[in-house]
Amino acid sequence: MDISDLFDGLNEAQREAVGAAPGNLLILAGAGSGKTRVLTHRIAFLVRTGQASSYGILAVTFTNKAAREMRARIEALLETPASGMWVGTFHGIAHRLLRAHWQEAGLPQGFAILDSEDQHRLIKRLIREMNIDDSRVPPRQVQWFINAKKDEGLRPQHLEEGYDYQQKMMIELYHAYEEACQRNGVVDFAELLLRALELLRDHSDLLDHYRKRFRHILVDEFQDTNTIQYAWIRLLAGKQGQVFAVGDDDQSIYGWRGAKVENLQQFQRDLADVQLIRLEQNYRSTATILNAANALIAHNSDRLGKNLWTEGVEGEAIRLYTAFNELDEARFAAERIQDWCAQGRRRDEVAILYRSNAQSRVLEEAMMHARIPYRIYGGLRFFERAEIKDALAYLRLLANRHDDPSFERVVNTPTRGIGNRTVEIVREQARATAVSMWQAASDILASQSLPARASNALAAFLALLNSMDDNSQQALLDERVEYVIAHSGLIEFFSKEKGEKGRARIENLEELVSAARQFEFEDEWLEDVAQGSPGMDELNAFLAHAALESGATQATADEEAVQMMTLHTAKGLEFPLVFMVGMEEELFPHKLSIDEPGRLEEERRLAYVGITRAMEQLYLSHAEVRRLYGEEKYTRPSRFIRDIPAELLHEVRMGGGSGQPHYRPAEAQAVQGELHFGQQVRHPKFGHGVVLNSEGSGAQARVQVNFEEVGKKWLVLAYARLEVIE
DNA sequence: GCGACATTGTTTTTT
DNA sequence: ACAATGTCGC
């Protein structure tokens, strides 16, 4: 079979990686060095040379998007559907194993998946139930604690008894939480991974089976693996398996959520004869951008070492803008984006990247003001919306009555006269007799111990669910979803909400029906698993899909738009024009990471990720004054700016004029000789103010002034009798 | 059960 | 500053 096309257009290192002899490989792939290409070509190479069949390959990523992309690219290379090949996220694959072997994993057949919100609510509930002081043991912290322990592979019984109250309580809560999950048949994200690890570890027959099957394991973004993910890979690979790991230690930015960069080094020690290949040729950015990135990251210690280079053009200098404040900074970006578009370039070639989401608002306003369409990534996703989660909770109860988190969620949503008191009684009964709330509610009703009103309301709720179940049992999935939404009372409930909100919610519920309509076991494996397992019907599959793939932030409002996102979200993407805003000490690097060397280095890697997103042009900006948490604060430029050699930077000013450096208003004044940002002025009518912005020249020149008394105003310089205050 | 007021925290995010 | 909770009284 001719496989030369798999090597066409690849460089030396890439070819080496794609065509490497059997064995373990670690590919250190710098930003923009074609790592996805190498990964997919490697898979195609294995299949087309007959070293592996599709059936024998497992490819793991971190996000659904990456997994989808990878599958599509592999299928394009193989020119056939890669059926039998497992391509998915760590969580998706763990889920698949657990569905197939629920018995061995000690799970109920139709187990549900708890997302972080569900998890948070459950923990809060437990804290209350156990009469623990939630100000000393905050739910968020407990959630963090439990997830961190699971990520380390630690069950509560592995934990030493805590020494202080907080520690003790957290361990106790971890115990209680596990019991609750087990009783309710629910599994959180970390649990998926941990169970899948334990499943293989404790069942040698299964381990054998999968080891024989998956002789080739390929892992993307290896630097992001946490302890259990790594352990799972190692376990599954065993001695015979061949692991192809691709990663970049310089792009490790998820240490704070358990990712262990050390796994890259560990990999070389733990696996046999690991061949190390570096991909250092960058195909994305100009030499200038690359040099800046290299210089910056060189300030970190403990790197595996790698120097990106390019044959590409030198490119333009990186622009540095010192804004007066965050408004000025945002306006600057807007103006430069307009220039970009005026040159015939597209808006969607532009990204604005920031450290934290709070920064997006000012930017958003500036874009709106300049009438630049934009799109913000991050925020609530479809399946995370309250109304969607309510509807899903009903569906989950249909699938499994013992799902307490869902029971709690909708027992009185919409309000149906089941007050806190009644729920409290059910909860207590459930706890005392160690049964689900559904069961407890039935028991209480049977014992006739409730006041008539509460009793009737509760009975009505149970009857409602049973009848919804009976009446939709035979229906198709989307009909079933539609039926439940219609009969749960959610529609009436939300239509009472005032304003746009209620309407939007109802639209979302309708959208859920069409999501159900489109969902037809798109993960074809679920269908296999579903065969002969009534607990894993289409409904369950849909619910799992909703939990594991919470859906894009925005639907598909695909107007050509500027992209705005955090630096974290930007990893893996590239844009011709990139703005990195808020390059200030305490914002970036963030205040909470500044004092700890390890965390500071992670911030620097984040800066590295940001810089390397840019293909042609990169703007860095910082504001001298920033309003944050209601306070105006004077800032200092980020140390990361200083990490970049000065000769690669070019300071710019507002208004398209390039050239003269501009450090602070006082200096610029001498150069410019006219009004500039931060200039104090007096107006005969409006009084004292500060110049924020200016545009045009000569008779058309206008300035925007923020007056103490009357706020922001645009004034035509020729008419406004402005007086400069020295 | 709802609206009015108080309190609180406020990095980064996937699954 | 501000949003998102939580608490309290009706």
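Residue numbering restarts at 1 for every chain, and letters A, B, ... go by the order of the sequence lines.
For the pair A:Asn357 and B:dT13, the criterion of a side-chain N or O lying under 4.0 Å from OP1 or OP2 is met. Side-chain nitrogen and oxygen atoms of A:Thr569 include at least one within less than 4.0 Å of the OP1 or OP2 phosphate oxygen of B:dT13. Between B:dT12 and A:Ser593, no contact under 4.0 Å exists linking OP1 or OP2 to a side-chain N or O. Remark: A:Asn64 is not in phosphate contact with B:dT14, judged by side-chain N or O atoms under 4.0 Å from OP1 or OP2. Side-chain N/O atoms of A:Arg361 include one lying less than 4.0 angstrom from OP1 or OP2 on C:dA3. The phosphate of B:dT8 (OP1 or OP2) has no side-chain N or O of A:Tyr629 nearer than 4.0 angstrom.
Between the CG atom of A:Leu592 and the P atom of B:dG9 there is a distance of 14 Å, rounded to whole Å. For A:Ile253 and B:dT14, the CD1 to P distance is 11 Å, given to the nearest whole Å. B:dT11 atom P lies 22 Å from atom CD of A:Glu601, rounded to whole Å. Here B:dG1 presents its P atom at 12 Å from NZ of A:Lys496, a figure rounded to the nearest Å. Spacing between atom CG of A:Asn420 and atom P of C:dG9 amounts to 16 Å, rounded to whole angstrom units. Note: CD (A:Gln141) to C1' (B:dG9) measures 13 Å, nearest angstrom. Taking atom CD of A:Glu117 as the reference point, atom C1' of C:dT5 lies 13 Å away to the nearest angstrom. Across the protein-nucleic acid pair, A:Leu573 atom CG and B:dT13 atom P stand 13 Å apart, rounded to whole Å.
Nucleic acid contact class of A:Tyr254 (heavy atoms, under 4.0 Å, all strands): sugar-phosphate only. Residue contacts shown for A:Phe62 are limited to sugar-phosphate atoms, with no base heavy atom under 4.0 Å away. Here A:Lys124 lies in heavy-atom contact (under 4.0 Å) with sugar-phosphate atoms only. At a threshold of 4.0 angstrom between heavy atoms, the contacts of A:Asp188 with the nucleic acid are absent. The residue A:Arg599 sits close to a base: some heavy atom pair falls under 4.0 Å.
Within the 4.5 Å cutoff, the side chain of A:Leu192 has heavy atoms near those of the A:Leu548 side chain.
In the set C:dA1, C:dG6, B:dT14, B:dT14 carries the atom at the smallest distance from any side-chain atom of A:Arg381.
The aromatic ring centres of A:Phe111 and A:Trp102 sit 6.0 Å or more apart.
Taken to the nearest 0.5 Å, the CG atom of A:Leu567 stands 14.5 Å off from the OH atom of A:Tyr608.
The 12-atom threshold is not exceeded at CZ of A:Arg128, counting heavy atoms of other residues, nucleotides or ligands nearer than 6.0 Å.
A:Lys633 pairs in a salt bridge (Lys or Arg N to Asp or Glu O under 4.0 Å) with only one of the listed residues (A:Glu624, A:Glu586, A:Glu326, A:Glu585), which is A:Glu586.
For the P atom pair drawn from B:dT12 and C:dA3, the interatomic distance equals 16 Å after rounding to whole Å.
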